[in-house]
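For reference, the structure is listed below as structure tokens.
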Amino acid sequence: MVKNTFANAVRIIWLLVASVCCLTAGAALNRLAVKAADNSITYFDLSATPRISFTPTEMVVTTGDGEILFALSNLKSYSFEEDRSGIVNISDDETSVNVRLIGRTLLSSAADVTVFSTTGHTMISSRQNPDTPVSLASLAPGVYVVKTGGSTFKISVK
């Protein structure tokens, strides 16, 4: 138990030092990337001012939508970085649907999200709470069509 607690304390200190170093690296940093041990990445838009805190066993990211917990034993890394996707926000004024593409993560203000290839094949279909991240990590780089909340958008995945 003592060894495990010491390992978690060392990991927390290392993560805090890494975050301070990353924050001083540049002024154009606009997202937090949290990488799990399975190499999946969750992105948080820094303009939403997420709050990051630690418990002895978890990293806690608090946003306006609630708390997301990452077990330290499953946390590979996190970094502050610049989003170079070229697409930040897309909206449809008629249906009031907003879509945000942050790297390979899609957020929609609607509950249903379907991603199609340019040939019409369904690549991803998701029905979750609005603004729940939908990972696009399984998609090859290219152009896709997103249908969400009665609106259709074209996106480019890099």
Side-chain angles (χ1 to χ4, degrees), residues 1-92 96-115 123-139 141 144 146 148-149 151 153 155-158:
M1 176 74 176
V2 172
K3 185 178 179 182
N4 193 19
T5 303
F6 177 75
N8 283 338
V10 169
R11 182 176 278 197
I12 289 171
I13 291 169
W14 178 84
L15 290 170
L16 289 172
V17 169
S19 66
V20 169
C21 292
C22 291
L23 282 174
T24 59
L29 306 176
N30 58 11
R31 70 179 179 185
L32 166 66
V34 179
K35 190 174 200 178
D38 66 357
N39 289 324
S40 63
I41 302 175
T42 304
Y43 295 101
F44 298 92
D45 183 3
L46 293 181
S47 67
T49 59
R51 191 183 65 147
I52 304 164
S53 59
F54 293 90
T55 71
T57 59
E58 296 174 318
M59 174 181 172
V60 182
V61 180
T62 306
T63 66
D65 297 325
E67 290 185 344
I68 299 175
L69 308 174
F70 297 93
L72 292 179
S73 60
N74 189 39
L75 185 63
K76 187 171 185 178
S77 67
Y78 75 94
S79 61
F80 297 91
E81 56 187 41
E82 180 181 4
D83 175 19
R84 298 181 184 184
S85 67
I87 299 175
V88 178
N89 290 310
I90 308 168
S91 63
D92 182 347
S96 299
V97 173
N98 293 309
V99 173
R100 289 186 18 223
L101 181 64
I102 304 172
R104 289 184 156 261
T105 302
L106 182 76
L107 298 166
S108 172
S109 62
D112 60 312
V113 175
T114 306
V115 179
M123 305 303 288
I124 297 172
S125 183
S126 173
R127 182 151 181 80
Q128 302 176 10
N129 291 329
D131 294 317
T132 299
V134 176
S135 175
L136 304 178
S138 64
L139 300 178
Y144 295 88
V146 175
T148 180
S151 296
F153 304 95
I155 62 168
S156 175
V157 175
K158 296 181 181 186

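- Between the OG1 atom of Thr62 and the CD atom of Glu67 there is a distance of 4.0 Å, given to the nearest 0.5 Å.
- Closest heavy-atom contact between Pro130 and Ser109: CB-O, 3.2 Å.
- The shortest distance between side-chain heavy atoms of Leu107 and Val99 does not fall below 4.5 Å.
- Counting heavy atoms from C-beta on, the side chains of Val61 and Arg51 never come closer than 4.5 Å.
- When side chains are defined from C-beta on, Leu32 counts as touching Ile52, because their heavy atoms get closer than 4.5 Å.
- In this pair, Phe70 and Phe44 present their aromatic rings perpendicular. The plane angle is above 60°, beyond the 30 to 60° band.
- At least one side-chain heavy atom of Val34 sits under 4.5 Å from a side-chain heavy atom of Met59.
- Contact between Val97 and Gly149 at its shortest, heavy atoms only, is CG2-O, 3.5 Å.
- Rounded to the nearest 0.5 Å, atoms CG (Leu69) and CD (Glu58) are 4.5 Å apart.
- Formation of a donor-acceptor pair under 3.5 Å by the Ser79 side chain with backbone atoms of Glu81 is not found in this model.
- Side-chain contact between Pro141 and Arg104 is present, with at least one heavy-atom pair separated by less than 4.5 Å.
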Steps toward side chain to side chain contact (heavy atoms under 4.5 Å, CB included) verdict (Thr105, Leu136): CA-CA 6 Å; Thr105 302; Leu136 304 178; over 6 Å; no

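- Atom NZ in Lys76 sits 9.5 Å away from atom CG in Asp38 (nearest 0.5 Å).
- Counting heavy atoms from C-beta outward, Val60 and Phe54 have side chains that stay 4.5 Å or more apart.
- With Ile124 as reference, Val134 is the one residue of Val113, Val134, Val146, Leu106 to meet the side chain to side chain contact (heavy atoms under 4.5 Å, CB included) rule.
- Under the rule for a side chain to side chain contact (heavy atoms under 4.5 Å, CB included), the partners of Ala37 that lie at least two apart in sequence or sit in another chain are Asn74.
- A distance of 9.5 Å separates CG in Asn98 from OG in Ser151, rounded to the nearest 0.5 Å.
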